[in-house]
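The structure under discussion appears below in the form of C-alpha cells.
First listed ligand is number 1; within each ligand, the first listed atom is number 1. Keep in mind that the numbers below use all heavy atoms, side chains included, and drop hydrogens, waters and symmetry copies. These figures come from a predicted structure and were not determined experimentally.
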Amino acid sequence: MRFQAQRGTEDVLPSVSHQWITLENAFRDVVKLYGYAEIRTPTFEDTQLFTRSAGETSDIVNKQMYTFEDRGGRSITLKPEGTAPALRALIEGHVLQQGQATRVSYITAAFRYERPQKGRLRESHQVGIELVGSGSVEADGEVIEIASRFYAAIGLHDVTVLINSLGRSECRDAFRAALLEFAQPLLKDMDAEERTKAERNPLRLLDSKDPLIAEFLKDAPSIGTFWEPESAARMDALQQLLADAGVNWRLTPTIVRGLDYYTETVFEVQADNIGAQSALCGGGRYDNLVKELGGPDMPSVGFGAGIERALLTLEAAEKSFEAARPDVYIVDAGVKDRNLIRRIARNLRSANLVVEYDMDGKTVKAQFKAADRSRAKWGIVIGGDEEASGQVTLKNLDTTAQISISHDQLVEQVKTR
Ligand code: HAM
C-alpha cells in the first residue's frame, strides 16, 4: 500500500530543506536584533479562540477552519494563524505587564481549508512577530521595518509594503455604511450567501478577487476620507518613519485584511512575480484583541509572513540558497583496519568538519562517484600502503590536485586550505 501527502500539504525533502533552514535562520537573526524572543504554541486550540479573534465574518472562520470534536467532546481547531494562540499563551502565562511592551516571534504551521493552488496550501507555514503592549506609531514602524529587513536578508529587495489605516471604530462604521451604499447595484446580482457576507462586513468586498467587483469598486469611497484626525496623523508619521528606515512602501486604501481583529494600521508585503498569491506577508495593529481574549488592555501590532510564498518568490527571481558542502569524503582504498576510517572521521568531526564515507563496501570507483555526488570539497584516500606508513592522500575534489600528508596533519591541512 502506498500513500500520498494530503491535498494542499507539501513535504520538504532533504534536497530543499536547507532553503527553509536558511530562511528561518535569516528571520531569527533579524528579529533578534530588535529583542524578540521566540514563542511556541500548540498545534490545536479551543475553537472559540479563533471564532472570537479572527471573527465570525472572516473566511477563515466561516469556511476554512479544520475543526473537529475530540474524544472528550471538546471543539478543537488546528491553528489557522499564529496571533491568537500567541496572545492566549502570553495571557495564560502571565507574561504581559501593563506599561511594558512584550516582543515575541514564531515560526509555525497554519491550517486553512482552502482550494489549493500555487502558493496556497492547506498546511502552510509562517514566520511572524507580535509586539504586544505598545500603541505608538513607532511600534508600527518597527514591525514594518522588520518585515522589510527580513525580505532584504533573504535577497528579496524588490518587495513593496502596501500600507493603509482602518481608522478607529467610528471611522470604520461610517466607511462600512458608505461602502455598502455604494455597492448596492453589485449586491443585487449576488447570490444570497455572497450578499449576506458583504452586508455583514462590506470591507470584504475590497479583498475580492473577482475582477468585475474590483472594477466596480474603483470609484468607491476611500477609507482615507473617513479617518479621524488621529489616524490621519498616525499615517503621516508612519510614512515618515518608513522613509527614514529605507522601506519601500505605498499607501493603498484597498488593503483591509481578511481577519476581523485589525484596528488602525494594516499592511501587506507584495511580490510582483509569483502570480495570484502575491501577498507575501500580512499584518497590522490589533488594539482590542488582547483585552477581548481576557488579557490586559494592550494595544499591539504584528505580522505573519508565508514561508512557501517567500520561497516561490525567490525561485521566480532565480535566486536560491546553496546547500552547505561536506568538507571531506573518505575513500577506503583497502585498509585492513576499518577503525582507522572511523577514527579519522571522528577527529575531523571533533574539529567541526563535515565528513562522509561509505559503509557498504563500495568499490573505490563507486566511492569516488559518491564523493562527487556529495559535493565534498576534499577526498581523503587511505589504502593498505598509507595505513602502514601513517600517511593519507588528500585530494582537492574540485581541482583533483593531491598531496600526501600524515594523519596528524589532516585536521590542520583541511582547515587551512
Ligand atoms: P494572513 O495574512 O492571514 O495573516 O497570513 C499571513 C501570511 O501567511 C500571508 O501573507 C501569506 O503569505 C501566508 N499564507 C496565509 N494563508 C496561506 C495559505 N493558505 N497558503 C500559503 N500561504 C499562506 C495572519 O495570519 C495574521 N496572523 C498576521 C498577523 C500577525 N497580524 C498581526 N500579527
Side-chain angles (χ1 to χ4, degrees), residues 7-10 23 27 31 36 39 41 45 49-50 53-55 58-61 63-66 78-88 90 102-132 134 139-140 142-144 146-147 150-151 154 156 159-163 166 204 207 209 255-271 274-290 293 298-314:
R7 196 166 136 72
T9 69
E10 281 176 358
L23 184 149
F27 172 75
V31 299
Y36 287 72
I39 185 166
T41 66
E45 298 272 356
L49 175 65
F50 303 111
S53 55
S58 67
D59 276 353
I60 292 181
V61 167
K63 304 198 278 206
Q64 298 177 343
M65 292 207 304
Y66 276 90
L78 304 186
K79 59 176 152 178
E81 59 111 34
T83 306
L87 298 180
R88 197 265 312 133
L90 293 174
T102 299
R103 289 173 168 81
V104 293
S105 69
Y106 49 83
I107 300 179
T108 183
F111 305 88
R112 298 182 190 177
Y113 194 81
E114 303 209 61
R115 202 160 38 77
Q117 63 180 73
K118 194 171 179 184
R120 190 164 70 198
L121 294 152
R122 290 182 174 168
E123 181 186 23
S124 64
H125 297 80
Q126 295 184 7
V127 298
I129 60 171
E130 310 297 344
L131 200 180
V132 183
S134 173
D140 302 6
E142 174 176 298
V143 165
I144 296 175
I146 290 173
F150 162 63
Y151 288 108
I154 59 171
L156 294 177
V159 298
T160 308
V161 186
L162 310 181
I163 63 169
L166 300 179
R204 285 289 103 76
D207 277 336
K209 297 271 186 299
I255 295 292
V256 290
R257 310 282 300 128
L259 295 148
D260 286 355
Y261 50 62
Y262 292 107
T263 54
E264 302 254 11
T265 308
V266 287
F267 65 94
E268 285 184 8
V269 178
Q270 199 84 29
I274 57 164
Q277 305 306 317
S278 61
L280 285 181
C281 165
R285 184 159 274 296
Y286 48 90
D287 286 347
N288 306 319
L289 185 56
V290 182
L293 295 178
M298 288 185 135
S300 305
V301 55
F303 73 72
I307 296 182
E308 289 87 350
R309 288 187 195 174
L311 293 175
L312 278 173
T313 309
L314 282 165

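Checked against a 3.5 angstrom limit, the closest N/O atoms of Ala305 and ligand 1 fall outside it. At under 3.5 Å, not a single nitrogen or oxygen of Tyr286, backbone or side chain, sits near a nitrogen or oxygen of ligand 1. The shortest N or O to N or O distance between Pro80 and ligand 1 is not under 3.5 Å.
Close contacts between ligand 1 and Gly282 involve ligand atoms 10 (O), 28 (C), 29 (C) [criterion: under 4.0 Å to a heavy atom]. Distances below 4.0 Å separate heavy atoms of Tyr106 from the following atoms of ligand 1: 30 (C). Set against the non-hydrogen atoms of Ser124, the atoms of ligand 1 under 4.0 Å away are 17 (C), 18 (C), 20 (N), 21 (C), 22 (N), 23 (C). Of all atoms in ligand 1, numbered sequentially from 1 with element shown, those under 4.0 Å from a heavy atom of Leu121 are 18 (C), 19 (N), 20 (N), 21 (C). Below 4.0 Å from some heavy atom of Glu130 lie the following atoms of ligand 1, by number and element: 30 (C), 32 (C), 33 (N).
In the candidate list Gly258, Gly306, Gly82, Gly283, Gly306 is nearest to atom 13 (C) of ligand 1, counting heavy atoms. By heavy-atom distance, the residue among Glu81, Glu114, Arg120 lying nearest atom 19 (N) of ligand 1 is Glu114.
Looking from atom 1 (P) of ligand 1 to the surrounding protein, the closest heavy atom is Arg257 NH2, 3.5 Å. Remark: minimum distance from atom 30 (C) of ligand 1 to any protein heavy atom is reached at Thr83 OG1, 3.0 Å. Shortest contact from atom 6 (C) of ligand 1 to any protein heavy atom: Gly304 O, 3.2 Å.
Taken to the nearest 0.5 Å, the CD1 atom of Ile144 stands 6.5 Å off from the OG1 atom of Thr265.
The backbone N or O of Val266 lies less than 3.5 Å from no partner atom in the side chain of Arg257, so there is not a single donor-acceptor pair. In terms of modelled atom types and a separation under 3.5 Å, the side chain of Tyr151 and the main chain of Leu280 share a donor-acceptor contact.
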Intermediate values then yes/no, salt bridge (charged side-chain N to carboxylate O under 4.0 Å, His left out), Glu123 and Arg112: CA-CA 7 Å; Glu123 181 186 23; Arg112 298 182 190 177; over 6 Å; no
